[in-house]
Participant: 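Let me give you the structure first, and then I'll get to my questions.
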Amino acid sequence: MEKIKQAKLEDKIMTIVFYIVAGFFLILLLVFASYVIIKGFSGATSQMFTFTSKGVLNQLFNTIYLVLLSLLLSCPLGIGAGIYLAEYAKRGKLTETIQICIETLSSLPSIVVGLFGYLAFILMTGMKWNLFAGALAVSILCLPLITTTTFDAVRALPDYYRYGSMGLGATKWQTTYHVLIPSCMPRIVTGIILAAGRGFGEAAALLYTSGMSTDINWSNWNITSPLCPLNPFRPGETLSLHIWASFTEATAANAKDIANLSSAILMILVLMFNITVRIISKRIDERAGGGK
Amino acid sequence: MGDTSNIKFKIQDLNLFYNSFQALKSVNIEIEKNEITSLIGPSGCGKSTFLKTLNRMNDLVEGTKVEGSILMDGIDLYREMDAILLRRRVGMVFQQPNPFPKSVYDNVAYGPRIQGIKKKIELDDIVERSLKQAAIWDELKDRLYKSALGLSGGQQQRLCIARTLAVKPEVILMDEPTSALDPISTTKIEDLIIKLKEHYTIIIVTHNMQQAARVSDKTAFFLLGEAVEFGVTKELFSMPRDKRTEDYITGRFG
């Protein structure tokens, strides 16, 4: 009886400990987020909320545009590679090697990726800094994340889904496309969110690729013009680069305020992106009838 | 073909290897149309392996090698037939109820859809017919668009039977379909199996000898990869010819 009492006591204590740890992190997060956001907006002037060289909205647009471009590149590749490794690749030396390579890629320092991007996408192509090169560099960082989360998600599905589908005369691709992918969509989406988060926050990989200037004319919609907002082959400074540049290189008197506001906006952007994607993924899941 | 026309499967000298392990040894069995054949035997005796050769689900296991022949309506399954097409004619119900994480409707419509049926009216019709055939329409007709994962285990298994019926197979293979279910659900599924016999050839693997005795016309007893005895269920249980069969059904081992 003593043993049971002791076990129950331990159980209670551990429950409380876990609640405290969770609560601590929640509070930390809230304090941190509200500090950044309040500080950011308290020093803001109306001039900063403009699409000009003094404002930060151009950088905000560049950030979103760059992340979208890099997701457009890395999602099909990453999800495809993850599915290939999980379902199609024969287990053996080659597959193992590929997996080790991907893991290594995911721990590559971003400044190295940045330099590689500079070499491959700027020097070798002979172009100036451009958003697309930045998106490619960020894709290198996103790819392993999306690949591994997709791989883990597909691998974790029970075999009886596969047998159930194949047993009805479905081909391997039909099984993968109609049963396996929809079944692990929420987890794949998590991978995409993580990858996007990497893109939103990335600075080092973009220093020598997307460049640290931005010059957009919002009335110019000729996509081939270097001033057109949608032209991916123009220099495009993102918010995180802007924070760095404002702190280190800017000469404006209120550079610090600009950096603070950029941080706040970046934080809100990431938060809104996560929430939106979660809602969309839940909708898809419900429409497919995957929820209970 | 004469009197062989009533035979659905003719299995001749079937050997099956998982790498170097021989799971089936020279199996010779003839399975008749519109009959229920049950496969019994202790764990690891090869009965499930044998079942899976009939729709070539064993192809999915790496390192499987099959020798000998299985003729379905006189055609060799392994040499003259495509595995995908075969599985549309020989459906399978698994031990663990395995509905997809989709709605009830989408589960049943899955098979017809992958065969290219897209018209809503046609699919509606198939879904209703299949669920009725599986005796679960009344329970599910108001929740067709809710997730199948919210159903009870017994309902899920009958849904899986409906899903199999939706592709209009000729044969239904069942791999211990009630071993994960409670007694009431088990009775419902047994009743269903007997009802389905009218239109389908059914082969069922079971751990439960009473179940074999209750539902099946013929029974095969497997031991260590061998089909030791095969015959009319009543005779096999009352007057087994082989000593090993007798030992097993009287509970001396297994």
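So you know, we letter chains A, B, ... as the sequences are listed, proteins then strands, and number each from 1. Just so you know, these numbers come straight off a predicted model, no measurement behind them.
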Participant: Taking atom CG of A:L28 as the centre, does the number of heavy atoms from other residues, nucleotides or ligands within less than 6.0 Å exceed 12?
Facilitator: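 For A:L28, atom CG is crowded (more than 12 foreign heavy atoms under 6.0 Å).
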Participant: Given that the side chain runs from C-beta out, which part of B:V93 has a heavy atom under 4.5 Å from chain A: side chain, backbone, both or neither?
Facilitator: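 Neither part.
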Participant: Measure B:I84 against the heavy atoms of chain A and call it side chain, backbone, both or neither at under 4.5 Å.
Facilitator: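 Both parts, heavy atoms under 4.5 Å.
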Participant: Could you tell me which residues in residues 136-173 of chain A have at least one non-hydrogen atom under 4.5 Å from a non-hydrogen atom of chain B, sorted by residue number?
Facilitator: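 Residues A:Y160, A:Y161, A:Y163, A:G164, A:S165, A:M166, A:G167, A:L168, A:G169, A:A170, A:T171 are the ones that qualify, each having a heavy atom under 4.5 Å from chain B.
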Participant: Side chain from CB out, backbone as N, CA, C, O: work out which of these in B:P169 comes under 4.5 Å of a heavy atom of chain A, or both, or neither.
Facilitator: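 Contact with chain A is absent: no heavy atom of B:P169 under 4.5 Å.
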Participant: Which residues in residues 64-89 of chain A have any heavy atom closer than 4.5 Å to a heavy atom of chain B?
Facilitator: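 Hits under 4.5 Å: none found.
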Participant: Given a strict heavy-atom distance threshold of 4.5 Å, which part of B:R163 is in contact with chain A: side chain, backbone, both, or neither?
Facilitator: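 Both the backbone and the side chain of B:R163 come within 4.5 Å of chain A.
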Participant: Check whether more than 12 heavy atoms from other residues, nucleotides or ligands sit under 6.0 Å from atom CD1 of B:I184, and answer yes or no.
Facilitator: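 Check fails, neighbour count at 12 or below.
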Participant: I'd like to know whether CZ of A:F116 has more than 12 heavy-atom contacts from other residues, nucleotides or ligands below 6.0 angstrom.
Facilitator: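 Open.
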Participant: For chain A, find which of B:M57, B:K52, B:M92 contributes the most heavy-atom pairs closer than 4.5 angstrom.
Facilitator: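 Highest number of pairs under 4.5 Å: B:M57.
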Participant: Between B:L60, B:N107, B:T164, B:N55, which shows the greatest number of heavy-atom pairs under 4.5 Å with chain A?
Facilitator: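 If we count pairs closer than 4.5 Å to chain A, B:L60 comes out on top.
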Participant: Within this structure, what is the CZ-NE2 distance for the pair B:R113 and A:H178, rounded to the nearest 0.5 Å?
Facilitator: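 One finds 9.5 Å between CZ of B:R113 and NE2 of A:H178.
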Participant: Is atom CZ of B:F17 surrounded by more than 12 heavy atoms (other residues, nucleotides or ligands) closer than 6.0 Å?
Facilitator: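 Yes, because the 6.0 Å sphere around CZ of B:F17 holds more than 12 heavy atoms from other groups.
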Participant: Does atom NZ of A:K8 have more than 12 heavy-atom neighbours, drawn from other residues, nucleotides or ligands, at distances under 6.0 Å?
Facilitator: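 No.
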